[in-house]
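In the text below, chain A, chain B and the rest are named by the order of the sequence lines, each starting its count at 1.
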Amino acid sequence: MLKNLVIVESPAKAKTIENFLGKDFTVKSSLGHIRDLSKKNLGIDIENDFKPKYEISPDKVKLVSELKKIVKNTDTVWLATDEDREGEAISWHLSEVLKLNEKRTKRIVFHEITKTAITNAISNPRKIDKNLVDAQQARRVLDRLVGFEISPVLWRKIKPSLSAGRVQSVAVRLIVEREKEIKNFKAVSSYKINGIFKIIKDNKTYLFKAELSKKFKEKNEALAFLESCKDSKFSVSDIEVKKTKKSPAPPFTTSTLQQEASRKLGFSVARTMQVAQKLYESGLITYMRTDSVNLSNLALSTAAKKITSAFGEKYVKTRKYKTKNTGAQEAHEAIRPSYIDRHSVDGDNAAKKLYELIWKRTIASQMANAEIDKTVVSIKGSNLKEKFVAKGEVIKFDGFLKVYLESSDDENTEEKKGLLPPFEINDIVFYNELTATEKFALHPPRYTEASLVKKMEELGIGRPSTYAPTISTIQKRGYIINETRLGIDRDYNYICLKNNEISQEIRKEKTGFEKSKLFPTDIGIVVNDFLCENFETILDYKFTAKTEKELDNIARGLKVWNKMIKEFYAPFHERVQKTLENAQRANGQRLLGKDTKTGKNIYVKIGRFGPMAQLGETEDEEKPRFAGLKKDQSIESITLEEAMELFKFPRTIGKYEDADLTVAIGRFGPYIKHKSLFYSIKKDDDPKLISQDRAIEIIEEKRKKDREKTIKTFEENETVKILNGKWGPYVSIKKKNYRIPKNIDPKSMSLNDCLELAAKSEKSKTKKPVRTKKTTASKKTTKTKKSKIVKTTRKKK
DNA sequence: CAGTGAGCGAGCTTCCGCTTGACTT
């Protein structure tokens with residue numbers, strides 16, 4: 001008989017805790033949620049007060065039965081899942097599924113993995129907070145209703161397999177709207193006046209930079225200003241010295257770690273999480289999915305000691321941070337090194353760099369403010385109304401700057417300010433060179449993955465565990481794309497006054513260069529516009545925040561969860577119905593103009609398989625021709641000429657082995673078709689110009705590669721092949737592939753061996769037949785629903 | 001991956017949050 005079983009969420013946590021608790025305690029982990037709403041249909045019984053239909057998640061079946069066995073022979077079960085809405089729900093699901101006896105079950109919580117925190121938790125057990133669990137159920141049910149009712153609307157009205165949800169749709173909206181802002185942005189220019197001045201002090205000459213406090217809108221004004229500088233006498237009119245302080249940034253949360261790793265190390269958010277997960281599993285850092293900036297007392301005192309020994313006592317300033325984010329649930333600590341004295345770790349480069357970043361940020365957060373003297377010196381000119389301003393900075397005490405400074409998202413970071421010469425009021429100065437540079441205003445910046453996460457966190461949408469997956473989902477659906485785009489050259493005016501002479505020139509600068517930024521796709525734009533028009537409340541940036549308030553009320557026992565859902569669902573479901581009945585098919589269609597050859601209209605729009613061009617009318621007897629857009633083309637920007645090019649395919653370019661050679665552009669780019677086989681055209685070949693000879697070359701190349709790939713074929717049965725692939729040799733039969741075990745030599749295999757291998761691996765895959773029964777039953781209901789919808793839409797037409 | 005753009009039409013797609021491996025043929 002086991003005395004105590006403790007269940008936590010994460011296996012890495014389980015290991016650590018087991019060490020703290022000693023022999024009488026066994027610690028297991030649930031690996032997150034063990035149950036979820038049924039995937040079939042909605043998984044919610046709407047008629048029956050929205051009763052959720054829970055099922056053990058397929059990947060947890062084994063784990064649950066194992067836990068059941070252990071529980072049978074255990075005195076006391078301690079539910080030690082995280083102290084937040086989801087954690088409370090996991091404990092409740094565990095107690096339901098494992099049929100835990102209330103008297104022998106205790107709920108405990110801790111926010112940090114330290115021995116004191118855990119022993120403290122053990123001596124202060126409580127019961128499961130059913131109100132908090134209900135808040136989670138409401139959250140879960142609402143998300144399912146939103147996702148599973150709106151997505152099918154998109155399948156009908158736009159394109160199959162699309163998706164919508166409380167979080168992802170708002171994330172897409174942010175990107176689409178930012179792109180619209182940028183499109184409407186007019187880059188007005190103004191003239192900025194910079195000067196290099198000279199001062200002679202104690203027989204020493206100093207040069208310094210200063211900038212005019214005013215910008216000029218027109219070139220003429222800038223010219224006139226420089227003209228008036230010619231005979232001006234310059235002198236120091238004002239000196240201002242300010243003592244300022246700079247504080248360190250708080251310790252990392254998931255969101256800020258993703259941002260800094262992106263800015264300082266160039267990691268994608270997914271990469272950051274992968275590397276952090278490894279560090280966590282090796283026990284090097286605390287939990288990496290957190291919204292808390294809190295550090296344990298143990299961490300605070302270790303940090304203070306470390307800073308004292310490394311830099312001295314005056315560099316220590318112990319700080320307790322509090323999160324400003326209202327949506328935070330703070331079940332964990334901030335992300336910090338497990339052992340703060342440990343400056344660096346072994347492992348790959350990425351792990352080392354990320355660990356160092358976390359170490360520095362944690363240490364810096366416990367260090368003294370930096371003290372900086374800022375000097376502002378004004379320079380007046382005898383003929384001038386406006387003054388030049390020179391700025392300087394002197395770091396009096398570096399404090400936390402000794403280890404770490406947070407980066408900024410702003411791309412045009414301020415120039416580094418240095419030391420200024422020893423000025424006194426009324427000192428005479430001379431200009432060396434004065435310039436007027438035409439500067440174009442910058443459009444609002446496009447989001448990077450990390451800055452999108454920052455924005456999502458501000459809006460309270462998504463959680464630390466979902467930021468990275470959400471970004472990958474909206475890319476997988478084809479709503480947005482992460483791209484680097486090269487800029488173009490732009491001319492700007494440059495005027496220079498030197499040696500009393502004004503010269504003008506036109507210079508070039510790069511504009512529009514975007515490195516790893518998020519752009520909406522055509523489909524993303526069409527889906528977003530459709531959702532904003534028809535589901536305004538869900539797409540509202542405040543929707544999640546409003547929902548959170550209601551969930552809070554449920555958690556505090558002020559509201560019953562399914563009542564809240566009912567109030568939401570009635571108008572929502574009506575909206576879904578109305579949209580299905582009334583909304584037009586959305587395809588983002590744009591008329592480009594008339595085809596010069598046929599005189600027919602050319603349109604671009606979203607088709608079943610993505611953006612396409614259409615030549616002719618759908619209503620015409622002679623059906624229109626279609627052509628998919630190329631990858632770098634978009635409905636928004638494609639021109640009539642570019643669209644006409646697309647209809648030049650497929651074209652026959654010659655013959656080879658008595659069969660036609662045709663060139664066409666397909667879903668995966670341009671290709672050559674020959675004897676019903678396909679050969680991709682290489683990037684540097686132009687499909688419009690490609691010759692017969694080159695096409696034959698490509699075909700032969702591909703044939704050679706295929707030969708090299710083939711290990712063995714059988715004359716008796718040509719569908720069976722033994723091939724060499726990325727992961728080693730495998731058997732290919734029609735379209736199915738089967739791996740060859742390592743102990744078998746592929747060359748020695750007979751046809752029979754291959755067929756046997758295939759039969760064996762087919763057998764081992766038998767997991768799904770249980771499901772088919774139920775799905776056939778559910779098919780009927782969905783079918784009738786669909787046919788109803790079809791009828792209503794047809795009536796409207 | 002597969003080179004399409006529909007209506008005789010099967011059956012499927014989809015949400016958000018918690019957690020890790022397993023394993024690609």
Lys/Arg-Asp/Glu bridge criterion (N-O < 4.0 Å) met for A:Lys53, A:Asp45 = no
Distance check: side-chain N/O of A:Arg156 vs OP1/OP2 of B:dT13, anything under 4.0 Å?
-> no
Kindly write out the residues that satisfy salt bridge (Lys or Arg N to Asp or Glu O under 4.0 Å) with A:Lys15, not counting sequence neighbours, or none if the list is empty.
-> none
Contacts of A:Asp540 that satisfy salt bridge (Lys or Arg N to Asp or Glu O under 4.0 Å) - sequence neighbours left out = A:Lys546
Does A:Phe148 stack onto the base of B:dC15, taking stacking as ring centres under 5.5 Å apart and planes under 30° apart?
-> no
Given that both pair distances must be under 3.5 Å and the pair must be Watson-Crick or G-U, what runs of three or more consecutive pairs involve DNA chain B?
-> none
Output every pair passing salt bridge (Lys or Arg N to Asp or Glu O under 4.0 Å) with a member in residues 134-147 of chain A, not counting sequence neighbours, ordered by first then second residue.
-> A:Asp36-A:Arg140, A:Glu86-A:Arg139, A:Lys130-A:Asp134, A:Arg139-A:Asp143, A:Asp143-A:Arg166
Is there a donor and acceptor pair, one atom on the side chain of A:Ser163 and one on the base of B:dT14, closer than 3.5 Å?
-> no
Below 3.5 Å, does any donor atom in the side chain of A:Arg139 face an acceptor in the base of B:dC16, or the other way round?
-> yes
To the nearest angstrom, how far is A:Lys40 atom NZ from B:dT14 atom P?
-> 17 Å
Nearest-nucleotide wise, let me know which of A:Leu629 and A:Ser169 is further upstream toward the 5' end of DNA chain B.
-> A:Leu629
Between A:His332 and A:Tyr287, how do the two ring planes meet: parallel, tilted or perpendicular, split at 30° and 60°?
-> tilted
Using atom names, set out every protein N or O paired with an N or O of nucleotides 18-22 of chain B below 3.5 Å, distance rounded to 0.1 Å.
residue, atom, partner, partner atom, Å
B:dC18, OP1, A:Arg463, NE, 3.3
B:dC18, OP2, A:Ser465, OG, 2.7
B:dC18, O3', A:Glu9, OE1, 3.3
B:dC18, O2, A:His33, N, 2.5
B:dT19, OP1, A:Tyr287, OH, 2.5
B:dT19, OP2, A:Tyr287, OH, 2.6
B:dT19, OP2, A:Arg289, NE, 3.1
B:dT19, O5', A:Tyr287, OH, 3.3
B:dT19, O4', A:Gly32, N, 3.4
B:dT20, OP1, A:Ser10, OG, 2.5
B:dT20, OP2, A:Gln277, NE2, 3.3
B:dT20, OP2, A:Arg289, NH2, 2.7

Under the ring pair (Phe, Tyr, Trp, His ring centres under 6.0 Å) test, which residues partner A:His674, sequence neighbours left out?
-> A:Tyr656
